[in-house]
Amino acid sequence: WKSPRFSFLRGKSRWLSAHLLYSSLGSSRLEVNAGLAASYLLSREAELLARYNYTMFETFNSENDYIENRFTAGFRYRL
């Protein structure tokens, strides 16, 4: 995997990061994965989380190709 990762908008109460990963096995397979994640602190104990992830997988046999878009959101409370 080759993976450049970027983090920006870092602060005491929030952060935003992005990544791009890709892998290739000659001319028979290609996989690309990209994502974006964010976090926002509501207080010292509570945090909102969100993440988007895109995956594309291509092979020489087109029956096995797929594209996936995934979004997740969450809430974290620390005791």
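Everything quoted here is computed from the prediction, not taken from an experiment.
Atoms CD and OG1, on E31 and T59 in that order, are 11.0 Å from each other to the nearest 0.5 Å. In this structure, L42 CG and R76 CZ are separated by 12.0 Å, a value rounded to the nearest 0.5 Å.
R78 and R44 get closest at one heavy-atom pair: NH1-O, 4.4 Å. L49 and S39 get closest at one heavy-atom pair: CD2-OG, 3.7 Å.
Residues I67 and L30 fall within the same hydrophobic cluster, defined by Ile, Leu, Val, Met, Phe, Trp and Tyr side chains chained together at heavy-atom separations under 4.5 Å. One hydrophobic cluster, built from ILVMFWY side chains closer than 4.5 Å, holds both F71 and V32.
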Can you list, pair by pair, the side-chain donor-acceptor contacts under 3.5 Å of residues 50-57, counting residues two or more places apart and other chains?
residue	atom	partner	partner atom	Å
Y52	OH	N69	OD1	2.4
T55	OG1	N33	ND2	3.3

